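Okay, so here's the structure we're looking at.
These figures come from a predicted structure and were not determined experimentally.
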Amino acid sequence: QVQLVESGGGSVQTGGSLKLSCRASGYRSSKYYCIGWFRQSPGKEREGLATMVRGYRGTFYGASFEGRFTISQDNDGNMLYLQMDNLKPEDTGIYYCAAAPGSWALVDGACRDLNIGQFHFWGQGTQVTVSS
């Protein structure tokens, strides 16, 4: 069972930056994992921000997030990060770290499409508030 714990949320003003972290445990060596960041803003559905396959360098972003948000992971693949720059009030929400397990084909597709339905493991979320 994969366990994910986010940290780094907080309150910032418009134009500010935050770096979120996600500590993971429980990965199985026999599986691939797509790991990524999602958020749920007030009154909106949960949306995909950025993903990458654990242990690989390629990154994928949801529309309108590339350029302001940068996803990365440590060399061990147990820490996932999201650097967020030029934050706007509409970025306010709860940010979640998630993992999708499976074959290479499945996780590659989950990452490329930010397919939320493929993500079985979720953290508890961390609140980000951007004030104008």
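- A donor-acceptor pair is defined here as one N or O able to donate and one able to accept, closer than 3.5 Å; such a pair exists between the side chain of Asp91 and the backbone of Lys88.
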Worked verdict on Arg54 versus Gln73 for side chain to side chain contact (heavy atoms under 4.5 Å, CB included): CA-CA 8 Å; Arg54 180 175 180 257; Gln73 61 183 301; 4.0 Å; yes

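- For Gln40, the CD atom counts as densely surrounded, since its 6.0 Å shell holds more than 12 non-hydrogen atoms of other residues, nucleotides or ligands.
- Residue Gln124 qualifies as enclosed at atom CD: its count of foreign heavy atoms under 6.0 Å is above 12.
- To the nearest 0.5 angstrom, Gln13 atom CD is 12.5 Å from Thr129 atom OG1.
- Judged by distance alone, with hydrogens and angles left aside, the side-chain atoms of Asn115 form a donor-acceptor pair with the main-chain N or O of Gly117 at under 3.5 Å.
- Grouping the Ile, Leu, Val, Met, Phe, Trp and Tyr side chains by contacts below 4.5 angstrom, directly or via other members, places Leu49 with Phe121.
- We find the CE-SG distance between Met79 and Cys97 to be 9.0 Å, quoted to the nearest 0.5 Å.
- By the 6.0 Å contact criterion, CZ on Arg68 is enclosed, its count of non-hydrogen atoms from other residues, nucleotides or ligands being greater than 12.
- Note: Tyr32 and Tyr56 have tilted aromatic rings, judged against thresholds of 30 and 60 degrees for the angle between ring planes.
- The backbone N or O of Tyr81 lies less than 3.5 Å from a partner atom in the side chain of Trp37, making a donor-acceptor pair.
- The shortest distance between side-chain heavy atoms of Ile94 and Val128 does not fall below 4.5 Å.
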Side chain to side chain contact (heavy atoms under 4.5 Å, CB included) evaluation trace for Thr92 with Gln127: CA-CA 8 Å; Thr92 293; Gln127 176 72 44; 4.0 Å; yes

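- No chain of hydrophobic side-chain contacts below 4.5 Å, direct or via other Ile, Leu, Val, Met, Phe, Trp or Tyr residues, connects Ile71 to Val53.
- If you chain together hydrophobic residues whose side chains sit under 4.5 Å apart, Tyr95 and Phe38 never meet in one group.
- For Asp108 (side chain) and Arg112 (main-chain N/O), no donor-acceptor pair under 3.5 Å exists by modelled atom type.
- In this structure, Thr14 contributes its side chain and Ser131 its backbone to a donor-acceptor pair below 3.5 Å.
- Looking at heavy atoms from C-beta onward, Ser21 lies out of side-chain contact with Glu6 at the 4.5 angstrom threshold.
- For the residue pair Gly26 and Tyr33, the shortest heavy atom distance occurs at O-OH, 4.5 Å.
- The two residues Gly62 and Leu114 have their closest heavy-atom pair at N-CD2, 3.7 Å.
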Residue pair Phe65, Phe69: steps toward the ring-ring contact (aromatic ring centres under 6.0 Å, His included) verdict: CA-CA 6 Å; Phe65 299 113; Phe69 293 1; 5.4 Å; yes

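- Counting only distance, with no hydrogens or angles, the side chain of Ser103 and the backbone of Leu106 share a donor-acceptor pair below 3.5 Å.
- When side chains are defined from C-beta on, Leu20 counts as touching Met84, because their heavy atoms get closer than 4.5 Å.
- The minimum heavy-atom distance linking Leu82 with Ala50 is given by the pair CD1-CB, 4.4 Å.
- Shortest non-hydrogen contact noted between Gln118 and Ala100 is O-CB, 3.1 Å.
- Atom CG of Leu80 and atom CG of Leu4 lie 8.5 Å apart (nearest 0.5 Å).
- Taking each heavy atom of Ser17 and Gln83 in turn, the nearest pair found is CB-NE2, 3.9 Å.
- Contact check for Val2 versus His120: no side-chain heavy atoms found under the 4.5 Å cut-off.
- What you find for Ile35 and Ala99 is that their closest heavy atoms are CG2-CB, 4.0 Å.
- For the pair Thr51 (side chain) and Gly36 (backbone), a donor-acceptor distance under 3.5 Å is absent.
- In this structure, Arg46 is positioned above the aromatic face of Tyr96, its NZ or CZ under 6.0 Å from the six-membered ring centre and within 45° of the axis.
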